[in-house]
Amino acid sequence: MNGVFKEKKGLKLILNTLSVLAVILITSALRLNAVKNLPIDFDEDDYMRAAQEYALIFRAGDLANITERNYRPEHPPLNKILFGVALLTEPEFTLLADRPSSSEPNIYILRPQLYAARSVSALFGTLQAAALALVNPLAGLLLGIHSYNVKYTSQVMLEGLPALTSLLSVLAYIRWKKTGKEKKKWLLFSALFLGLTAASKYLYALVGFAILFDWVWDMDKDARKSIRAWTPLLTWGLLSLFFFYLADPYLWLNPLGRIQESLFFHSTYSASASEIVSAGYPVWQPFVWLSMSIPWHPDVLVITLDGLITIFALIGFKKLWEEERVYGIWIIVMLIFLLVWKTKWPQYILALTAPLSLAAAKGIGLSIRQLFGSKPKSARVPQKNNWRETIQAIPWLLPGIVAFVALILYPLLFQFAIALTDMNVASLYAGMNGDIWPLVWQGLSGQIEGIEFNPFENFRYMNKTLHYVGAGMLGGFFRGGASGLLIFEIVWATLSVGMQALLGISLALMLARPNVRYPNFWRTIFILPWAVPEFIGALVWLRTLNPAFGWVSMMPYSTSTGGDITLTGLLIASTWYGFPFIMLAASASLKMVPKSVYEAAALDGASGWALFREITFPLLLPLVVPALIIRSIFAFNQFYLFYVMRTRSMTTFAALSYDVMTDANQYAVSAAINIFTVAVLIILLIWFNRISRAAEGVDYA
Amino acid sequence: MPKLSRWQQVFFQFIFFLVALFVLLPLWQTIYLAFEGGIHWRPTELVWLPKEFTFEIFAQMWAHAGQNLSFPEALANSLIVSFGAAFFSILLGASMAYAFARFRFPGRKAGLFAMLLGAMLPPVALMTPFYILVSALGLKTSLLGLMIVYTAFAMPFCVWNMRAAFQAVPKELEEAAFLDGANRFATFWRVSLPLALPAIGIAAIVAFLIGYSEFAMGWLFVEKPDNVTLAMAISGIIGSSANSWNRLAAMALLMSLPVVALFVLFQKSIFEQMLFGNIEE
């Protein structure tokens with residue numbers, strides 16, 4: 001027995017070692033390729049100059065100077081110093097010119113110097129993936145192929161070292177936790193790496209807060225009161241600061257002043273720098289980065305699975321949280337910061353790609369088990385199909401089925417066919433007389449080749465004969481052309497329905513109190529926005545909020561305000577229009593609650609909150625959950641509001657599709673957009689179905 | 001639910017007042033504009049009462065709502081189309097919704113999923129095929145064609161909402177009816193349907209409003225000026241002429257009035273007549 005066990009353990013060790021080696025191989029290959037082939041980017045020339053300065057200092061042997069030098073002092077110097085060490089391998093050189101950080105990248109950097117510095121980044125990037133692979137080989141692989149990681153750990157950027165050390169700091173902390181909190185050396189390591197992280201780039205040091213939260217979370221209430229329990233935490237924090245100070249020579253002589261200097265820079269930079277203003281990224285831009293791979297270097301960054309990694313991370317997040325909470329906190333801390341922080345550069349997401357990859361690895365594991373593994377035994381009684389009931393149900397179902405097939409299913413199928421062609425207003429007749437079906441059939445069965453057709457390049461394309469195009473146009477959408485739009489849609493639906501629900505349900509609950517005054521009067525007033533057709537409501541708000549037409553200078557045409565204000569205006573209008581529906585649904589449910597239930601509960605001495613949680617809330621669900629789902633769908637597909645407000649910078653798929661169909665007369669393109677809408681909605685719906693199990697809780701069938 | 005104390009009462013009324021202000025302010029601005037004869041291009045500041053009170057705008061509107069239609073003609077078109085769509089949606093969907101709520105059969109989940117999908121589709125998502133199909137069927141410029149299109153938009157939503165309503169009806173009540181010897185249909189008609197009517201009413205109102213306030217599809221499917229609905233007429237003058245804001249406001253006001261009336265009516269039948277007393281026996 002023991003021998004077999006040992007053998008198994010040995011086998012596992014060998015497999016693990018092999019997979020870590022494989023991760024290192026793949027990761028370093030991707031980075032070496034990127035080191036050689038990526039063009040010189042913004043900031044790279046700046047950090048190159050910083051590195052050159054350090055290299056010159058080392059050469060001159062004038063080490064005292066290191067405390068006075070930190071080109072681009074907004075970022076701490078450790079990573080730049082290491083770049084400088086790498087440059088020592090190069091022959092004598094002259095400094096790059098000092099230029100403002102917003103200027104175009106200086107492309108006249110000597111290649112050997114560039115490669116030397118980039119290799120340092122690549123080394124750290126590979127080490128980070130390897131370290132993660134030790135925890136979970138799949139996660140290491142995902143981190144290794146994540147296109148943001150490949151790019152920014154292959155350039156002269158300040159991401160490589162802090163990304164590595166922040167991970168190591170967390171790993172050491174977990175090690176300390178797992179080994180019974182006896183071995184203090186792991187805490188020492190954690191503090192050391194955290195200090196190094198802070199000395200490389202401040203952003204990554206936020207991981208310290210994740211550790212802090214996790215630590216305090218685990219303390220029990222009594223322990224929090226005794227000072228002894230806080231000592232290790234305090235020691236760890238002070239040690240981190242100490243190592244930070246040690247690793248940042250620029251601080252040695254004047255620590256406080258120089259920290260102040262760099263922090264002050266960041267606050268003004270994020271508020272006013274020309275490149276940030278001109279980039280014009282919305283608040284949720286980090287989500288956009290996470291949803292897609294880097295689009296700028298398709299020939300260098302060939303693996304583009306970042307969107308998938310994010311999706312799997314969403315699936316696996318809960319499991320990751322249950323297994324090791326600190327990673328989950330890490331993701332959340334970084335996300336919150338990136339959302340709040342005004343600067344939205346793409347490289348910032350490297351601060352969370354490590355735990356994200358771990359979550360994705362868990363998600364992939366879960367998904368595989370769901371698909372292939374034996375299903376976990378569900379607590380619910382399996383729903384048997386009852387044949388007697390099925391036969392009974394047929395006459396009830398028939399009218400609905402006929403209507404649904406004729407009115408929705410067939411048109412959808414037809415739409416699919418249109419999206420496979422180049423149909424426009426000129427070739428419309430072919431669609432009307434039915435020529436489209438044989439054409440699509442021939443195309444799908446391979447009898448004819450699809451023609452080249454890129455509608456986005458030429459909206460004036462008009463061909464009188466209908467051609468088969470194939471899946472190219474649809475593919476364009478799914479490959480990520482619509483990524484930013486999709487994120488906006490999700491943000492929009494969440495915010496607008498959230499506000500509607502808050503207002504609607506609160507009002508319904510308030511109006512349902514037995515002795516509230518004038519409930520019908522108020523209810524009638526509150527229903528008015530819903531009684532007003534959506535596009536009239538939009539007009540009304542346009543009239544109110546638009547600076548050109550209305551008296552509140554908030555809306556899209558305003559040049560002085562940014563996108564956020566536009567969103568605020570849209571949200572005000574959509575809340576105004578949408579909350580009555582949810583209020584009605586909640587009211588209808590509350591009316592179904594028999595009074596006697598409350599009386600009985602009150603006799604039992606239930607408090608107000610218990611009444612709400614045990615009686616009101618469950619009874620709200622059957623009508624309110626569907627209402628919320630429907631409202632989210634409406635928000636996702638909102639058309640009339642956007643049509644009237646004409647917010648071209650923010651638009652839904654529906655509004656875009658309408659523009660394409662009516663302005664450009666490209667029917668096939670609008671059909672393709674619509675198919676994309678349908679596909680996205682199916683995904684959202686599956687997800688919705690999962691979380692709104694509450695609606696099934698009262699399923700009597 | 002627990003009764004309110006005096007202070008809670010005051011607080012609630014205050015909140016209601018604030019929300020009512022939020023609701024009514026833009027509406028009042030529309031009403032005001034419809035009677036404003038004193039500005040000729042567009043308002044540039046917050047004005048509470050018309051500078052020159054006039055009924056002129058309404059008189060113009062009534063005789064000429066756009067597209068050579070009088071206001072009553074356009075309104076009639078709107079009502080025909082949207083009532084028709086709401087009626088068909090409920091009629092075709094009710095029995096299916098009940099089956100989803102009460103029977104077990106293969107494909108039940110898939111069917112519900114399809115309904116949600118149908119309900120989720122924005123009208124725009126089906127406009128391309130509908131445009132071609134309705135043209136091919138020769139229904140393109142008739143009100144019937146538009147009614148069918150609006151039914152397609154409204155039905156899945158109605159089914160989904162009605163299913164929830166039927167599900168919320170306690171099964172024990174139906175079982176009691178079975179014990180009394182009622183068959184499935186009688187139980188549905190006498191017990192489940194009345195109890196579910198409030199929510200069905202909500203579904204019907206939504207179905208009605210989808211058609212009543214729709215104009216984008218309308219312009220795709222209707223060519224004859226005779227068949228222009230009210231919403232289409234309003235959308236037709238968005239940003240068109242010099243005093244368009246007054247015209248828009250007057251039209252919007254007149255268009256919204258029947259809906260508001262309908263709402264007050266429905267509200268009564270939904271919230272007062274049907275439910276109470278039935279459950280408590």
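By convention in this document, chain letters (A, B, ...) are assigned in the order of the sequence lines, proteins followed by strands, and residues within each chain are numbered from 1.
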Under 4.5 Å from a heavy atom of chain A, the part of B/Ala114 involved: both
Contacting region of A/Leu511 [heavy-atom separation from chain B under 4.5 Å]: both
Which atoms of B/Tyr98 approach chain A - backbone, side chain, both or neither, heavy atom under 4.5 Å: side chain
Closest contact, heavy atoms only, A/Ala671 versus A/Ile418: CB-CG2, 3.8 Å
Plane angle bin for A/Phe676 and A/Phe653 - parallel if under 30°, tilted between 30 and 60°, otherwise perpendicular: perpendicular
Rounded distance (nearest 0.5 Å) linking atom CD1 of B/Ile132 with atom OH of A/Tyr667: 7.5 Å
Options B/Tyr131, B/Phe153, B/Tyr212, ranked by heavy-atom pairs under 4.5 Å with chain A, top entry: B/Tyr131
Proximity breakdown for B/Leu137 and chain A, heavy-atom pairs closer than 4.5 Å: neither
Interchain contact, A/Ile394 with chain B, by part (heavy-atom threshold 4.5 Å): neither
Between A/Leu503, A/Leu398, A/Leu681, A/Leu507, the one whose heavy-atom pairs under 4.5 Å with chain B are most numerous: A/Leu681
Leading residue by heavy atom contact count with chain A [cutoff under 4.5 Å; candidates B/Leu91, B/Thr151, B/Leu27]: B/Leu27
Check: B/Leu230 main-chain N/O paired with B/Ser78 side-chain donor or acceptor under 3.5 Å: yes
Contact leader toward chain A among B/Ser135, B/Gly118, B/Gly93, where contacts are heavy-atom pairs under 4.5 Å: B/Ser135
Parallel, tilted or perpendicular, as decided by the 30° and 60° cut-offs, for the rings of B/Phe105 and B/Phe100: tilted
Top of B/Ala252, B/Ala231, B/Ala216 for chain A proximity - count of heavy-atom pairs under 4.5 angstrom: B/Ala216
Contacts of type ring-ring contact (aromatic ring centres under 6.0 Å, His included), residue A/Phe416, not counting sequence neighbours: none
Main-chain N/O of A/Arg517 paired with B/Gln9 side-chain donor or acceptor, under 3.5 Å: yes
Exam field: side chain A/Gln392 to backbone B/Phe103, donor-acceptor pair closer than 3.5 Å: no
Part of B/Val159 lying under 4.5 Å from any heavy atom of chain A: neither
Side chain, backbone, both or neither of B/Leu257 within contact of chain A (heavy atoms, under 4.5 Å): neither
Residue A/Phe579 versus chain B: region with a heavy atom under 4.5 Å: side chain
Contacting moiety of A/Trp522, where chain B heavy atoms sit under 4.5 Å: side chain
Side chain, backbone, both or neither of B/Phe157 within contact of chain A (heavy atoms, under 4.5 Å): side chain
Listed partners of A/Tyr577 passing ring-ring contact (aromatic ring centres under 6.0 Å, His included), at least two apart: none
Neighbour count >12 (heavy atoms, 6.0 Å) for atom CZ, B/Phe12: yes
Leading residue by heavy atom contact count with chain B [cutoff under 4.5 Å; candidates A/Gln638, A/Met661, A/Met510]: A/Met510
Atom OH of A/Tyr410 with >12 non-hydrogen neighbours under 6.0 angstrom: yes
Residue A/Phe639 versus chain B: region with a heavy atom under 4.5 Å: side chain
Part of A/Ile525 lying under 4.5 Å from any heavy atom of chain B: both
Pick from B/Gln13, B/Met251, B/Gln8 with the largest number of heavy-atom pairs that fall under 4.5 Å of chain A: B/Gln13
Plane angle bin for A/Trp576 and A/Trp541 - parallel if under 30°, tilted between 30 and 60°, otherwise perpendicular: perpendicular
